[in-house]
Chemist: 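First, the structure itself, so that you have it in front of you.
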Amino acid sequence: MDRQKMKVKVCLVGEGAVGKTCLIRRFIQDQFDDRYISTLGAKVSKKEIKVDGPSGGMDVDMTIWDIMGEKGFRELLKEAYFHGAQGVLAVCDVTRKETLDDLEDWVAAVVKVTGNVPIEFLANKADLKGQMTVTKADIQSAAEAHDAPFLFTSAKTGENVEIAFAKLAQMITQRAVA
Ligand code: G3D
Ligand code: MG
């Protein structure tokens, strides 16, 4: 039987230095093929993963979009960056509570372009245990407001990184067959 194949576009959003680029790099490791779209200020990476489903496995070709200069990320570019995204990773830094609060605006900006797509909240830098200012209750309530799951991740140790991307891919494919 032929395995089902699906191409998906996902975006990472969040303030500068929360770890978006590092999460992607950690996930992609060495099987990557990426290019920098200078006019968009975005970097696109690809990875194919296998997702289990009720009707057997599915190969998911993930195209992962990373924002380069968050500060100068202009309204106009948002449209192109978010256009066609089927899933979103909303990333904050556990050592900076304000980066969680800022996710509200990022998520609102994405949803405005994409409509209602699966979102997963990531509380990154979970390895910095002594410096955590984002609690489980904080990230949980932010995620629940969007009916979204959440995970504590660390691009540094690799904790939950693979799982985070796989979970988002699964949410996207489940929605596609539903
Ligand atoms: P961004 O793409 O969201 O802007 P980056 O963030 O991926 O560029 O990461 C910003 C900084 O945070 C980097 O530090 C990076 O090493 C660090 N970082 C990213 N993820 C983690 C993590 O999980 N744990 C820890 N401890 N640090 C992390 P520098 O110093 O290179 O700017
Ligand atoms: Mg970056």
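Counting convention: from 1, in listed order, for ligands and their atoms alike. These values consider heavy atoms only, across backbone and side chains, with no hydrogens, waters or symmetry-generated copies.
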Chemist: Can a cation-pi geometry be assigned to Lys43 and Trp65, taking NZ or CZ under 6.0 Å from the six-membered ring centre and within 45° of the ring axis?
Modeler: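 Ring-cation test returns no.
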Chemist: Can you list the atoms of ligand 1 that are under 4.0 Å from a heavy atom of Ala17?
Modeler: 1 (P), 3 (O), 4 (O), 6 (O), 10 (C), 12 (O)
Chemist: Just by distance, no angles: are the side chains of Thr135 and Asp138 close enough, under 3.5 Å, to form a donor-acceptor pair?
Modeler: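 Yes, side-chain donor-acceptor contact under 3.5 Å.
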Chemist: Regarding atom 11 (C) of ligand 1: of the candidates Lys20, Lys43, Lys125, which has the closest heavy atom?
Modeler: Lys125
Chemist: Report yes if some N/O of Asp127 lies less than 3.5 Å from some N/O of ligand 1; otherwise report no.
Modeler: yes
Chemist: As an exercise, identify every atom of ligand 1 less than 4.0 angstrom from a heavy atom of Ser154.
Modeler: 23 (O)
Chemist: Going by the closest heavy atom to atom 20 (N) of ligand 1, which one wins out of Asn124, Val18, Val13?
Modeler: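 Among Asn124, Val18, Val13, the closest heavy atom to atom 20 (N) of ligand 1 comes from Asn124.
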Chemist: So which bit of Leu128 gets within less than 4.0 Å of ligand 1, heavy atoms only: side chain, backbone, both or neither?
Modeler: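 For Leu128, only side-chain atoms sit under 4.0 Å from ligand 1.
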Chemist: Below the 3.5 angstrom mark, is there an N/O of Leu23, backbone or side chain, next to an N/O of ligand 1?
Modeler: no
Chemist: Have Ser154 and Asp127 got a donor and an acceptor in their side chains that come within less than 3.5 Å?
Modeler: yes
Chemist: May I ask you to check if Lys47 and Phe165 form a cation-pi contact, with NZ or CZ under 6.0 angstrom from the six-membered ring centre and within 45° of the axis?
Modeler: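 Relative to the ring axis of Phe165, which defines the angle, Lys47 lies outside at least one limit.
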Chemist: Regarding atom 23 (O) of ligand 1: of the candidates Ala155, Gly16, Gly19, which has the closest heavy atom?
Modeler: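 It is Ala155 that holds the nearest heavy atom.
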Chemist: Going by atom types alone, do Thr99 and Asp93 pair a side-chain donor with an acceptor below 3.5 Å?
Modeler: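 Their side chains do not contain a donor-acceptor pair, so the 3.5 Å distance test is not met.
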Chemist: Pick from Ile163, Thr157, Val161: which one makes a side chain to side chain contact (heavy atoms under 4.5 Å, CB included) with Glu159?
Modeler: Thr157
Chemist: Please work out, at 4.0 Å between heavy atoms, whether the side chain, the backbone, both, or neither of Thr21 comes within that distance of ligand 1.
Modeler: both
Chemist: So, Glu104 and His146: side-chain donor and acceptor under 3.5 Å apart, yes or no?
Modeler: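 There is such a pair (donor and acceptor under 3.5 Å, judged by atom type) between the side chains of Glu104 and His146.
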